[in-house]
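Every heavy atom of this structure was used, including side-chain atoms; hydrogens, water molecules and symmetry mates were not. Sequence lines set the chain letters: A, B, ... in the order given, protein chains first and strands last, and positions in each chain run from 1. Quick caveat, the model's predicted, so the values are computed rather than measured.
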Amino acid sequence: MTALQDLIESGVRKGLQQCYGVDAAGQEITLQSTRKEFAGEYTVVTFPLTRLARKKPEEIGQDLGIFLKDELEEVKEFNVIKGFLNLVIEDAYWARFLLQEAGESDFGRSPARDERVVVEFASPNTNKPLHLGHIRNILLGWATSQLLDAAGFDVKTVQIVNDRGIAICKSMLSWQRFGEGATPKSAGVKPDHFVGEHYVMFETRFQEEYRQWQQSEDAQQVLQAKNKKDLPEKEFWKGYKNTYFNNFSDLGAAAKEMLLKWEQGDPETVALWNKMNGWVYEGFDETYERLGVRFDKLYYESQTYLLGKDMVESGLEKGVFYRKEDGSVFVDLTDAKLDEKAILRADGTSLYITQDLGTARLRYDDFGATRMVYTVADEQNYHFQVLFEILKRLGEPYADGLFHLSYGMVDLPTGRMKSREGTVVDADDLMDEVIQEAYQSSLERESTSDLSEEERREIIRKIGMAALKFQIIKVGPQKRMVFDPKESVDLQGQTGPYVQNAFVRTRAVWRKAGSPDLAAASEYTTLEPTERELISQLYAYPTLLRDAAENYDPSLVAMYCYELAKNLHKFWHDVSILNAGSEAATAFRLRLCQSVGNVLESGMGILGIEMPERM
RNA sequence: GGCUGCGUAGCUCAACUGGAUAGAGCACUUGACUACGAAUCAAGAGGUUUCAGGUUCGAAUCCUGACGCGGUCACCA
């Protein structure tokens, strides 16, 4: 709620008292911003007031309009259309706001509030390079962390790396058997891709082995005995793959043995594991840097997968959990419309959820955070409901600050990405492509031809990355989205470069202006419609940020930046700045450009998008 | 099947959480560079908000049902 909205709302209450003698204390005042096609910046909806005032909506609008214009010096004029009272704010109010508050360097950001929040995102497996799905996760998580930072929280970014398990063992085994001592360097391949290639290699070799085995007598016996539904042979084998892996395959046995050795701490295996994970991290770091994200702390599952057992104990003591006869531990969440859930296996070993209980506590111990955000795709909605419910019942001090930043998966036009069908869009490739596209597009322009090759490359990088990031982040998190890698990304219209272009214009006019005298700005008294629009939009920035942070929704910031850029472009088209006709107008409009530019840079910065000075 | 999310222009997405004639971009048609940057602006066309009921001054939004598409229902992660 802004100061203006506060003023209007209490004005309306007072007006209802004065005009009709009714006490509107319990009445909600519906206040919204005025639609473009009508004059005004704020609109009071009078329909809900009819019961209270016992008048027609139009009459209430008239009465309140007259009252507010008289009562509030900020209200310049009003008009009534049906049940809508549109209020026009005084030019002087907007002008003062622009020249004073909007110019502050941290405009829009909330003061620090001494509360710490941990934001988790990325959290990949270490057997394959990052892909399009990770990109959405990373951009969303990062933007949300920046948004919370802008809202005044002390934010720590973390991820938990899944560095153990059968998957990485497959890559290790493949390298050991078929790698011939090659390294990423000797092969000239980005290290995480190198490891990913071995993961694929394992699958290929395994499939070969599986096909050959299918011809054997053993296999034919299995087919006879197990194919009860009389499936076609091909279909049967498809479904039998895991059983084969576990019971017959040499490669499968070797991979499982490797996992066992790793768990036993076999030095040779651990060394290999370290080497290959090291390659992966080297590659990941490069990708994170290109994406412009950083982590304050990395957790590794190899170090946390045994955590949580002490919490199981205390849960048992508190009566939150119960032990079954076979020794397994369960929690009964049926009264919270969830199920009974296993917390500990009968043999005493941990589960995924056990580990998550432990790492939640670990993060609390590490950071003292009272809030934790988990950026994880919506396929795990149920898991997080369960996790949060348990933490609540255990009485953990941060239990009320837990939030699952759930987001929809990224689909291709052909449907879901499937690694088996080779449709996975690689993160590094994708970034290369959009930057290449930005490069092509820049060839058609002369605007940066006087710059050095290096400077131009840097600008093109910013443009390409802006296009990619904006396209993904402008979609609301919970929404499943379709991404077409063939069309890659647009550079025109509702895009990152469109917003960058607006910013560049605000800078260009300042470069051209030299060092103007801005004192005259305060003498500018009558605003153009396009100026009112821009200023009232700037005015809404702080509440927009708070609102977006409260909802953990960076897409609201993206849409806001787009709208602001759009109005800047219109302003640019409608009025002249340097040839405005008066010193006052020129100075005022320069200040306006400056503030709009700053807000665009601030908002896009929250989204992890950099602004070029020229483009 | 149980639970859960979604269904808006040809396509990708909005709609201030129940408010005005459902808005943007892409693609398509047309106009604007001798003007501070045309990655821009302006205009046109494009809709029974999946369908059927209900709630009320007022519904894309809330309720019920149907249809369609996901996700999830392990002592996996």
For this session: Quick one: label A/Glu301 by what it contacts on the DNA or RNA (base, sugar-phosphate, nothing), any heavy atom closer than 4.0 Å.
Result: sugar-phosphate
So if I take every side-chain heavy atom of [X] and compare against [options], which nucleotide ends up nearest?
X	options	answer
A/Gln492	B/rC26, B/rG7, B/rA15	B/rC26
A/Lys566	B/rA39, B/rU40, B/rA24	B/rA24
A/Ser576	B/rG25, B/rC36, B/rC41	B/rC36

Problem set entry | N/O donor-acceptor pair, side chain A/Asp339 with base B/rA74, under 3.5 angstrom | no
Problem set entry | Any donor-acceptor N/O pair under 3.5 Å between B/rG37 base and A/Ser447 side chain | yes
Exercise. Nearest-Å distance, CD1 (A/Ile577) to C1' (B/rU40)?
Worked result: 13 Å
Seminar exercise, completed: In Watson-Crick or G-U wobble terms, with both distances under 3.5 Å, the base opposite B/rG23 is B/rC13
Exercise. Side chains of A/Asp163 and A/Asn277: donor-acceptor distance under 3.5 Å anywhere?
Worked result: no
For this session: Establish, with yes or no, whether the OP1 or OP2 oxygen of B/rA20 is under 4.0 angstrom from a side-chain nitrogen or oxygen of A/Arg35.
Result: yes
Seminar exercise, completed: When A/Phe121, A/Tyr552, A/Phe388, A/Tyr407 are each screened for ring pair (Phe, Tyr, Trp, His ring centres under 6.0 Å) with A/Tyr374, the one that passes is A/Phe388
Exercise. Would you call B/rU17 syn or anti, using the 90° rule around 0?
Worked result: syn
Exercise. Does any non-hydrogen side-chain atom of A/Lys341 lie less than 4.5 Å from one of A/Glu389?
Worked result: no
